[in-house]
Amino acid sequence: MIIKQISVFLEDKSGSLTDLTKILSEHKINITALSIAESTDYGIVRMVVGQPELAVNILKQKGFSVNMTDVVCLQIPNTPGGLHNALQILSNNNINIDYMYAFSTDEAALAVIRSTSTEEMINVLQKNKMTLYKTSDIYQI
């Protein structure tokens, strides 16, 4: 149930994100989810990719500052209150969220969640019959 996310630190300059995505594209690494947080001088690009270990190795070889983090990908109903209900379960069980990014389709909404208590978060969500994505649901075969 643990998904590996990569975080890449980019200079805040035109073309940096394009360079990053070009490298991944050239190595046939698919981006499943992406979030960008920015500060004055740099941005942090968080991604769930098809082949995280390969992506980390290639990006490090190309001079990028990259690390890998454990996250959970939670499927929630794409209806009003779907996210709130999932967050309420976590809150009721004292699970802190470090950060989250989400997206939806017609069928479902997906939330990528980082917590310092990942295993505990997984146990709580499973106990409450929440659907968690597995690596095989996200990673490239």
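- No side-chain donor-acceptor contact under 3.5 Å links S35 to the backbone of Y101.
- If you take NZ on K22 and OG on S25, they are separated by 9.5 Å, rounding to the nearest 0.5 Å.
- The CD1 atom of I76 lies 10.5 Å from the OG1 atom of T131; values are rounded to the nearest 0.5 Å.
- In Q126, the CD atom is crowded: over 12 heavy atoms of neighbouring residues, nucleotides or ligands sit closer than 6.0 Å.
- Linking Ile, Leu, Val, Met, Phe, Trp and Tyr whenever their side-chain heavy atoms come within less than 4.5 Å puts L90 and M1 in one cluster.
- Across L110, I2, T135, a single residue satisfies side-chain contact (heavy atoms from CB on, under 4.5 Å) together with C73, and that is L110.
- Between T118 and R114, some side-chain heavy-atom pair lies under the 4.5 Å cut-off.
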request  = Just do the side chain to side chain donor-acceptor pair (under 3.5 Å) check on E119 and N123 with the steps written out, would you?
outcome  = CA-CA 6 Å; E119 290 292 339; N123 291 335; 5.4 Å; no

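- Distance check, rounded to the nearest 0.5 Å: CG of L74 to CG of L132 gives 6.0 Å.
- A108 and N78 make their closest contact through C-CB, 3.9 Å (heavy atoms, listed as atom of the first residue, atom of the second, distance).
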**Asked** Given N128 and L125, is the side-chain contact (heavy atoms from CB on, under 4.5 Å) satisfied, shown in steps?
**Response** CA-CA 5 Å; N128 285 276; L125 291 170; 6.0 Å; no

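- In this structure, the side chain to side chain donor-acceptor pair (under 3.5 Å) partners of D70, at least two apart in sequence or on a different chain, are K4.
- With a 4.5 Å cut-off on side-chain heavy atoms, P52 and I6 count as touching.
- Within 6.0 Å of atom CG in N92, more than 12 heavy atoms from other residues, nucleotides or ligands are found, so the atom counts as buried in its surroundings.
- When the side chains of ILVMFWY residues are joined at heavy-atom separations under 4.5 Å, either directly or via intervening members, V71 and I44 end up in two distinct hydrophobic clusters.
- When all heavy atoms are compared, the tightest approach of V112 to A33 is CG2-CB, 4.3 Å.
- Counting heavy atoms from C-beta on, the side chains of V56 and L54 never come closer than 4.5 Å.
- Here the side chains of L10 and L17 are in contact, with some heavy-atom distance below 4.5 Å.
- Between the CG atom of L87 and the CE atom of M100 there is a distance of 5.0 Å, given to the nearest 0.5 Å.
- Of the possible donor and acceptor atoms, none in the side chain of D137 sits under 3.5 Å from a partner among the backbone N and O of Y133.
- For the pair S16 and E11, the tightest heavy-atom approach, listed with the atom from each and the gap, is OG-O, 3.1 Å.
- The distance from the CD1 atom of I113 to the CD1 atom of I3 is 12.0 Å, given to the nearest 0.5 Å.
- Side chain to side chain, N57 and Q61 fail the donor-acceptor criterion of an N or O pair below 3.5 Å.
- Proximity of L20 to V45: side-chain heavy atoms (C-beta onward) are separated by under 4.5 Å at one or more points.
- Here the straight-line distance linking atom CD1 of I29 with atom CE of M47 works out to 9.0 Å at 0.5 Å rounding.
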Let's go through F64 and I58 carefully: what are the C-alpha distance in whole Å and the side-chain angles of both, what is the deciding distance for side-chain contact (heavy atoms from CB on, under 4.5 Å) to 0.1 Å, and is it a yes or a no? CA-CA 9 Å; F64 288 88; I58 290 167; over 6 Å; no

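- By the 4.5 Å heavy-atom criterion applied to side chains, I89 and V124 are counted as neighbours.
- With Y99 as the aromatic partner, R46 meets the cation-pi criteria of under 6.0 angstrom to the ring centre and within 45 degrees of the ring axis.
- Smallest separation of non-hydrogen atoms from T18 and T21: O-OG1, 3.1 Å.
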request  = Walk me through it: do N93 and K127 pass the test side-chain contact (heavy atoms from CB on, under 4.5 Å)?
outcome  = CA-CA 11 Å; N93 288 275; K127 184 177 90 180; 4.2 Å; yes

#### Entry: From CA spacing to verdict: side-chain contact (heavy atoms from CB on, under 4.5 Å), E120, I95
CA-CA 8 Å; E120 189 177 345; I95 305 292; 3.6 Å; yes

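- In the hydrophobic cluster analysis, where Ile, Leu, Val, Met, Phe, Trp and Tyr join through side-chain heavy atoms closer than 4.5 angstrom, I122 is grouped together with I97.
- With a 4.5 Å cut-off on side-chain heavy atoms, M130 and Q75 do not count as touching.
- T32 has its side chain out of reach of V49: every pair of non-hydrogen atoms, C-beta onward, lies at least 4.5 Å apart.
- Using a 4.5 Å cut-off between side-chain heavy atoms of Ile, Leu, Val, Met, Phe, Trp and Tyr, with links allowed through other members, I36 and I23 fall into the same hydrophobic cluster.
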